[in-house]
*Asks:* 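Pasting in a structure now, in structure tokens, and then I'll have a few things to ask.
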Amino acid sequence: MAASSKVITEWWLQRVTAVVITAYVFLVLGLLMVKGTPNAMQWQSLFANTGFKLATLLAILATAYHGLVGAMHVWPDYVKNRAVLAVLNAYTWLAAAAVALWSVYILFGTK
Amino acid sequence: MTEVPTAPLVKKRERPVYRNIGFAQLANYRLPIPGIASIVHRITGIALFVCLLFLLAMLQMSLKSEAGFEVFRSIIWANPIAKVVLLGLLFAIVFHMIAGLRHMVQDSTAWMDLSAARTSAFGVFALSAVVTALVAWRLW
């Protein structure tokens, strides 16, 4: 894929993921505002609901990608040392991958 | 023949000029509010990304068992410093979200003139402060 087309895809996905995350944050903050602080049982039964699990997974995966693209764009504006930049980029990829895999484990793994 | 005035009739206001801003000048340099919104959008984004793994760790603990949930409530949420950090992250996500929505409006070239850019940047700060305060008040 040409470099410019990759950037345009990133630009769009950055916005699509932003909308997905925003919808999820509105949902969660709305629930908290309406129902107040949950206790253990309410919290865990919310996350036992398959629809809510899938919404959470979608939001976390969107966040991992959104953060990956965002951080990769922000670092080189402030970090000019190539070695430090390489470390930050590697950290960013690892953290995004870890978040994506871990979220699947937390939501759908065995307890 | 009358002399043509060379000096401008209205004297221009003296403005400070910043080129390659030096460290000593930082005290006098004030970023305009759309610039502040932009840099805070970046800082909150990086902060959220860095804290994401810790937030997942807390989510995992809160879902693992009733005891895990109680550890969060009685040890983390009951700790004033941890509570301030978590409410700071709440502000970060609310601000980042609202500032991001403003940037998407600006993608459509709306709110690009100076006064709208200033007003909307101020609005982002005000709205995110109000939303954060409401949620914090509800969860306290």
Side-chain angles (χ1 to χ4, degrees), chain A residues 11-12 14-19 21-26 28-48 53 56 60 63-64 66-75 77-78 88 91-92 94-96 98-107 109 111, chain B residues 38-39 41-74 77-78 83 89-108 128 131-140:
Chain A
W11 189 93
W12 271 111
Q14 191 72 342
R15 279 147 186 81
V16 171
T17 51
V19 171
I21 301 160
T22 300
Y24 183 78
V25 170
F26 268 114
V28 172
L29 292 187
L31 280 176
L32 287 174
M33 287 306 286
V34 171
K35 301 198 169 190
T37 314
N39 62 29
M41 208 192 67
Q42 293 164 330
W43 181 251
Q44 285 164 8
S45 65
L46 174 65
F47 278 90
K53 270 188 192 186
T56 306
I60 294 177
T63 307
H66 187 94
L68 173 68
V69 172
M72 298 290 273
H73 271 92
V74 166
W75 298 134
D77 286 354
Y78 305 97
L88 283 172
Y91 155 76
T92 306
L94 283 175
V99 165
L101 293 174
W102 197 10
S103 66
V104 177
Y105 174 76
I106 292 172
L107 292 165
K111 284 204 176 168
Chain B
S38 173
I39 193 65
H41 188 227
R42 290 190 147 204
I43 292 169
T44 50
I46 292 292
L48 287 164
F49 185 73
V50 169
C51 292
L52 200 51
L53 285 168
F54 298 99
L55 293 173
L56 274 189
M58 285 187 280
L59 178 65
Q60 182 178 41
M61 191 177 68
S62 76
L63 294 179
K64 203 151 209 168
S65 62
E66 203 171 322
F69 185 89
E70 288 311 320
V71 168
F72 172 77
R73 290 215 62 172
S74 59
W77 191 242
K83 190 176 272 191
L89 283 174
L90 173 67
F91 175 79
I93 196 161
V94 170
F95 179 91
H96 194 87
M97 198 172 83
I98 297 173
L101 291 173
R102 171 174 172 271
H103 279 320
M104 286 199 279
V105 171
Q106 292 184 320
D107 285 344
S108 76
S128 46
V131 171
T132 308
L134 276 177
V135 178
W137 163 76
R138 192 77 170 95
L139 291 185
W140 199 259

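Below, chains carry the letters A, B, ... as their sequence lines are ordered, and counting in each starts from 1.
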*Asks:* Given that the side chain runs from C-beta out, which part of B/Val94 has a heavy atom under 4.5 Å from chain A: side chain, backbone, both or neither?
*Replies:*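 Contact with chain A: side chain only.
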*Asks:* At a heavy-atom distance under 4.5 Å, which candidate from B/Gly45, B/Ser62, B/Gly68, B/Gly100 has the highest pair count against chain A?
*Replies:*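 That would be B/Ser62.
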*Asks:* What option among A/Trp75, A/Phe47, A/Trp102 has the most heavy-atom pairs under 4.5 Å with chain B?
*Replies:*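 Among A/Trp75, A/Phe47, A/Trp102, the one with the most close pairs to chain B is A/Trp102.
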*Asks:* Please round to the nearest 0.5 Å and tell me the distance separating atom CG of B/Leu59 and atom CD1 of A/Ile60.
*Replies:*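 Separation between the atoms: 6.0 Å.
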*Asks:* Taking side chain as everything from C-beta outward and backbone as N, CA, C, O, which of these in B/Leu48 sits under 4.5 Å from a heavy atom of chain A? Side chain, backbone, both or neither.
*Replies:*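 Answer is neither: B/Leu48 stays 4.5 Å or more from chain A.
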*Asks:* Hey, does B/Phe49 have a side-chain heavy atom less than 4.5 Å from the side chain of A/Val99?
*Replies:*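 Of all side-chain heavy-atom pairs linking B/Phe49 with A/Val99, none is under 4.5 Å.
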*Asks:* With a 4.5 angstrom heavy-atom cut-off, is it the side chain or the backbone of B/Ile98 that approaches chain A, or both, or neither?
*Replies:*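 Neither part, no heavy atoms under 4.5 Å.
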*Asks:* Taking only residues at least two apart or on different chains, which pairs with a member in residues 94-108 of chain B satisfy salt bridge (charged side-chain N to carboxylate O under 4.0 Å, His left out)?
*Replies:*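 Applying salt bridge (charged side-chain N to carboxylate O under 4.0 Å, His left out) to every pair that reaches into residues 94-108 of chain B, excluding sequence neighbours, yields A/Arg15-B/Asp107.
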*Asks:* Check each atom of A/Leu32 against the heavy atoms of chain B and say whether the ones under 4.5 Å are side chain, backbone, both or neither.
*Replies:*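 It is both, since atoms from each part get that close.
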*Asks:* Is it the case that more than 12 heavy atoms not belonging to A/Tyr91 sit under 6.0 Å from its OH atom?
*Replies:*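 Atom OH in A/Tyr91 is packed in, count exceeds 12.
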*Asks:* Are B/Thr132 and B/Phe95 close enough that some pair of their side-chain heavy atoms sits under 4.5 Å apart?
*Replies:*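 B/Thr132 does not reach B/Phe95 side chain to side chain.
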*Asks:* Let me know if B/His96 has heavy atoms under 4.5 Å from chain A in its side chain, its backbone, both or neither.
*Replies:*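 Looking at B/His96, just its side chain touches chain A.
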*Asks:* Measure A/Ala96 against the heavy atoms of chain B and call it side chain, backbone, both or neither at under 4.5 Å.
*Replies:*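 Both parts, heavy atoms under 4.5 Å.
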*Asks:* Answer with side chain, backbone, both or neither: which region of B/Ile46 has an atom nearer than 4.5 Å to a non-hydrogen atom of chain A?
*Replies:*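 Just its side chain gets close to chain A.
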*Asks:* Evaluate the criterion side-chain contact (heavy atoms from CB on, under 4.5 Å) for residue pair B/Lys83 and B/Trp140; output intermediate values, then yes/no.
*Replies:* CA-CA 9 Å; B/Lys83 190 176 272 191; B/Trp140 199 259; 3.8 Å; yes
*Asks:* Need one label for A/Ile21: side chain, backbone, both or neither, based on atoms under 4.5 Å from any heavy atom in chain B.
*Replies:*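 Contact with chain B involves no heavy atom of A/Ile21 at all.
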*Asks:* For A/Gln42, give me all partners under side chain to side chain donor-acceptor pair (under 3.5 Å), at least two apart in sequence or on another chain.
*Replies:*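 Per chain and number, A/Gln42 pairs via side chain to side chain donor-acceptor pair (under 3.5 Å) with no residue.
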*Asks:* With a 4.5 angstrom heavy-atom cut-off, is it the side chain or the backbone of A/Asn39 that approaches chain B, or both, or neither?
*Replies:*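 The backbone, not the side chain.
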*Asks:* Atom CZ in B/Arg42, atom CG in A/Asp77: separation rounded to 0.5 Å?
*Replies:*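 Here the interatomic distance stands at 4.5 Å.
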